[in-house]
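Here is the structure we will look at.
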Protein chains: 2
Amino acid sequence: MSNDSHILGLLPSRLKEARRQQGLSLDAVAKLSGVSRSMVSQIERGESSPTIATLWNLTKALQVDFAGLLEESTTADRIEVLRDGQVPTIENRGEGCSIRILSPPEDAGKHEIYDIHFAPDGELDSNPHTRGAREQLSVIDGCVDITSGEATQRLGAGDTARYAADVTHCIRAVGGPARVFLVVRDA
Amino acid sequence: MSNDSHILGLLPSRLKEARRQQGLSLDAVAKLSGVSRSMVSQIERGESSPTIATLWNLTKALQVDFAGLLEESTTADRIEVLRDGQVPTIENRGEGCSIRILSPPEDAGKHEIYDIHFAPDGELDSNPHTRGAREQLSVIDGCVDITSGEATQRLGAGDTARYAADVTHCIRAVGGPARVFLVVRDA
DNA sequence: CGCCTGATTCCGTTATTTTGGATTTTTTCC
DNA sequence: GGAAAAAATCCAAAATAACGGAATCAGGCG
């Protein structure tokens with residue numbers, strides 16, 4: 001879509017700008033980065049899709065942030081509304097929980113926000129997320145047990161817990177239905 | 001060098017985790033992304049340095065953020081609990097609202113999570129945050145009006161809104177008390 | 001104008017990625 | 001246990017990124 005190749009289309013100009021801003025010639029960054037002049041030229045002109053290895057070398061030479069180089073330039077200025085009925089929901093009847101996905105798809109991998117409703121004794125088991133990921137959970141209604149790795153804690157309404165999500169972890173409603181707000185922060 | 005392959009060395013495992021987490025096989029992501037099974041396997045095993053084009057396709061298929069995939073990581077390992085009564089709370093900062101700060105102090109400036117209770121006609125005015133900051137707001141109870149810059153939207157229970165927070169913005173309860181969950185993501 | 005200096009692009013060669021199918025390994029089910 | 005199915009890996013060709021030198025382009029000066 002417009003978004004997809006947008007970054008790839010933006011990347012060349014960003015690199016070129018970074019180089020120009022430091023008053024460097026192709027030859028100069030070639031020597032600094034170990035990438036040939038020709039390659040730098042082709043990349044800056046969008047005629048070649050660099051490997052991440054060479055791109056990494058360029059970012060070092062140009063002193064730009066690898067991740068930041070590929071960030072979206074989100075300068076939106078409107079309110080995006082997701083109505084109650086339109087919220088993407090994962091029903092998990094066997095486990096007795098339904099997961100409402102509140103965060104936008106483009107944030108997946110960085111930031112995910114969920115509104116989770118548990119039936120009595122409902123349970124949500126999760127495999128480890130990316131290394132370093134952490135979750136923050138706030139109980140809106142009911143009572144739940146949280147397990148992260150070896151540790152377990154019981155939370156009531158109003159309580160909040162933060163824990164590592166890069167290990168197997170689990171949320172389980174106890175003594176009735178429950179509702180929690182879950183924010184996953186990937187590393 | 002020592003630093004060179006740090007991220008590059010992490011990338012394979014992160015991709016693999018992302019795939020596993022969704023229960024996808026190599027073949028499945030191959031079909032989704034248009035990248036051959038063999039390539040995905042090689043990349044996940046660190047035996048090949050993908051071009052950004054193919055890596056981009058993988059991120060789309062795996063629904064992970066391109067930039068986030070290359071971020072540094074930090075790890076911890078216990079459950080940190082904040083009891084209902086212990087939550088730091090700001091009373092009446094706007095008019096007729098109390099703000100419960102759920103996110104840890106060390107995350108201030110990056111991500112902040114709030115649980116906000118409004119009295120009838122309660123209001124919270126905020127000055128612009130750092131440039132590029134965005135807020136995501138979910139209504140738990142009641143009804144609120146959101147204003148971000150020029151735009152205004154009315155939300156009811158269950159609705160979610162996302163909007164720019166680097167302009168003056170405002171949340172106001174209408175027709176009675178309200179409760180919302182607010183996640184601020186600073187740029 | 002003609003020449004020189006520096007930067008960028010073009011081109012043939014080499015190295016690496018990417019692919020599709022064959023092979024091996026793992027899982028599942030009887 | 002053993003067979004069938006699925007998943008992951010290995011292995012050839014094909015495609016393409018990467019390199020180094022030659023050709024082209026853009027200014028500045030005698």
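Below, chain A is the first sequence line, B the second, and so on; all start at residue 1. Being a predicted model, the structure only gives us computed values, none of them experimental.
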**OP:** Using a 4.0 Å heavy-atom cut-off across all strands, classify B/S36 as base, sugar-phosphate, or nothing.
**Re:**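 Answer is base: heavy atoms of B/S36 come under 4.0 Å of a base.
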
Subject >> Non-neighbouring partners of B/H117 that pass ring pair (Phe, Tyr, Trp, His ring centres under 6.0 Å), sequence neighbours left out >> reply: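 Applying ring pair (Phe, Tyr, Trp, His ring centres under 6.0 Å) to B/H117 gives none.
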
**OP:** With rounding to the nearest 0.5 Å, note down the distance linking CE in A/M39 to CG in A/L58.
**Re:** 9.0 Å

To check you understand the geometry: which heavy-atom pair defines the closest contact between [X] and [Y], and what is its length?
X	Y	result
B/A173	B/A119	CB-O, 3.7 Å
A/H169	A/Y163	CD2-CE1, 4.1 Å
A/I113	B/Q136	CD1-CD, 3.7 Å

Original post:
Which nucleotide of DNA chain C is the first, and which the last, in the 5' to 3' direction, to come under 4.0 Å of a heavy atom belonging to chain A?
Top reply: C/dA7 to C/dC10

Original post:
Below 4.0 angstrom, N of the basic side chain to O of the carboxylate: do A/D121 and A/R172 qualify?
Top reply: no

Original post:
So, are A/D115 and A/R100 salt-bridged, with charged N and O less than 4.0 Å apart?
Top reply: yes

Close N/O contacts between protein and nucleotides 9-13 of chain D (under 3.5 Å):
| residue | atom | partner | partner atom | Å |
| --- | --- | --- | --- | --- |
| D/dT9 | OP2 | B/S41 | OG | 2.7 |
| D/dC10 | OP2 | B/R45 | NH2 | 2.2 |
| D/dC10 | N4 | B/S38 | OG | 3.2 |

Subject >> For B/E44, all residues meeting side-chain hydrogen bond (donor to acceptor under 3.5 Å, both in side chains), sequence neighbours excluded >> reply: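 B/E44 satisfies side-chain hydrogen bond (donor to acceptor under 3.5 Å, both in side chains) with B/R19 only.
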
Original post:
Should the pair A/F181 and B/F181 be assigned to parallel (<30°), tilted (30 to 60°) or perpendicular (>60°) ring geometry?
Top reply: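 Judged by the thresholds at 30° and 60°, the geometry between A/F181 and B/F181 is parallel.
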
**OP:** Rounding to 10 degrees, work out the angle separating the end axes of the helix from C/dC1-D/dG30 to C/dT16-D/dA15 (five pairs an end).
**Re:** 20°

Subject >> Whole-Å distance separating the CG atom of B/D27 from the P atom of D/dA8 >> reply: 9 Å

Original post:
Which whole-number value in Å describes the distance from A/W56 CH2 to D/dA17 C1'?
Top reply: 20 Å

Subject >> For B/T54, all residues meeting side-chain contact (heavy atoms from CB on, under 4.5 Å), sequence neighbours excluded >> reply: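 If we apply the side-chain contact (heavy atoms from CB on, under 4.5 Å) test to B/T54, skipping adjacent residues, the hits are B/V35, B/P50, B/T51.
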
**OP:** Compare side-chain N and O positions of A/S49 against OP1 and OP2 of D/dT16 and report whether any pair is under 4.0 Å apart.
**Re:**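 Looking at the OP1 and OP2 atoms of D/dT16, neither is under 4.0 Å from any side-chain N or O of A/S49.
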
